[in-house]
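Atoms considered below: every heavy atom in the structure, side chains included; atoms not considered: hydrogens, waters and symmetry mates.
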Amino acid sequence: MARKKWIFMGVSFALLAMAACGAIFWALWQVPEFYTQAASTVPSDPKTRQQEAKELVQTTTGLVNDINHSDRWTATFEQSQVNSWVVEELQRPEFAKLVPDGIRDPRVLMQTDVLRLGFRMKYKAWDGIASVIVRPWVTSDLRLALEVEQIRAGLIPIPLEETLHELTQDIEEAGFDVEWRQSNGHDVAIIDLASNPKRAIQLESVKVVDGAVQIVGGLANAPKIASQPQPSTHEKRN
């Protein structure tokens with residue numbers, strides 16, 4: 001009788017383990033709903049995509065020129081333009097070499113206060129969708145804050161330690177000071193754009209709305225505009 005009991009328990013545990021493994025396997029291969037939604041923002045007409053990709057380049061070029069030569073600047077980036085540029089231009093050799101091996105088809109979804117980035121990723125036997133949710137805001141001392149709400153493979157959370165270390169290196173190599181804090185249980189990168197010795201700049205406002213990101217900034221020592229941006233939603237709730 002005791003032997004049958006242990007056999008029953010062993011079979012039960014084995015079935016539970018198989019079910020857990022099956023659930024994890026299923027979750028790893030799921031496509032996040034936002035990724036499908038972001039992909040739907042890409043125009044199906046090639047001419048429209050090319051035009052929107054061109055508009056993104058014009059906006060980016062104008063912003064870079066303003067940052068280099070003007071005391072103040074503002075810009076708006078639309079998600080359809082970003083996604084159109086990715087489809088039309090990212091495969092070009094001069095841009096493709098900037099994308100890590102195994103990563104393809106990135107898409108971005110801009111929603112109120114948050115940026116959702118998803119991309120197809122191949123790692124060993126896994127080939128699925130990795131995703132990142134970031135909440136950008138501006139601190140009271142005009143530094144850029146990037147709150148990393150989650151990183152996932154399919155629907156499975158990914159540990160952040162190694163990813164955040166690599167992100168820190170990339171930011172510092174670009175010439176900016178960065179420190180990490182905790183807020184609402186999330187890791188937050190605080191980036192001092194004014195720390196770049198070549199051209200110290202500051203963001204005064206970063207606003208993510210449905211379908212677009214709007215930024216306002218200027219030289220760190222430039223006179224501030226009369227109407228100061230309101231504290232971010234994040235700062236209000238802290």
> Of all residues at least two apart in sequence or in a different chain, which pass the salt bridge (charged side-chain N to carboxylate O under 4.0 Å, His left out) check with E172?
Replying inline: none
> By salt bridge (charged side-chain N to carboxylate O under 4.0 Å, His left out), which residues pair with E52, not counting sequence neighbours?
Replying inline: none
> Do T48 and D45 have side-chain N/O donor and acceptor atoms under 3.5 Å apart?
Replying inline: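 The answer is yes; a qualifying pair exists.
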Tell me, do [X] and [Y] make a side-chain contact under 4.5 Å, heavy atoms counted?
| X | Y | answer |
| --- | --- | --- |
| V148 | H186 | no |
| V132 | Q150 | no |
| V82 | V213 | no |
| V134 | L117 | no |

Sequence neighbours left out, what passes side chain to side chain contact (heavy atoms under 4.5 Å, CB included) with [X]? Give chain and number order.
| X | value |
| --- | --- |
| T76 | A212, Q214 |
| A39 | R107 |
| T36 | V31 |

>> Exactly one of T139, I190, D187 should register a side-chain contact (heavy atoms from CB on, under 4.5 Å) with R181. Which one does?
In response: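 Per the side-chain contact (heavy atoms from CB on, under 4.5 Å) rule, the option paired with R181 is I190, out of T139, I190, D187.
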> To which residues is V87 joined in a hydrophobic cluster, defined by side-chain heavy-atom contacts under 4.5 Å among Ile, Leu, Val, Met, Phe, Trp and Tyr, whether direct or through other members?
Replying inline: V42
>> Can you list, by chain and residue number, the hydrophobic cluster partners of L109 when the side-chain cut-off is 4.5 Å?
In response: F34
> Can you get from I67 to L144 by hopping between Ile, Leu, Val, Met, Phe, Trp and Tyr side chains that sit under 4.5 Å apart?
Replying inline: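 Cluster IDs for I67 and L144 match.
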> Tell me the ring pair (Phe, Tyr, Trp, His ring centres under 6.0 Å) pairs involving residues 62-89, sequence neighbours left out?
Replying inline: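 Checked against ring pair (Phe, Tyr, Trp, His ring centres under 6.0 Å) - neighbours excluded - the pairs reaching residues 62-89 are W85-F95.
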> To the nearest 0.5 Å, how far apart are CG in L56 and CG in N83?
Replying inline: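 It comes to 10.0 Å.
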>> So, taking the atom named OG1 in T41 and the one named CD in Q81, what distance separates them when rounded to the nearest 0.5 Å?
In response: 11.0 Å
> What are the two closest non-hydrogen atoms of A145 and V188, and how far apart are they?
Replying inline: CB-CG1, 4.0 Å
> Can you list every salt bridge (Lys or Arg N to Asp or Glu O under 4.0 Å) pair that touches residues 77-91, not counting sequence neighbours?
Replying inline: R49-E88, E89-R92
Who pairs with [X] by side-chain hydrogen bond (donor to acceptor under 3.5 Å, both in side chains), at least two apart in sequence or on another chain?
| X | value |
| --- | --- |
| Q51 | E55 |
| E33 | none |
| R143 | D141, E179 |

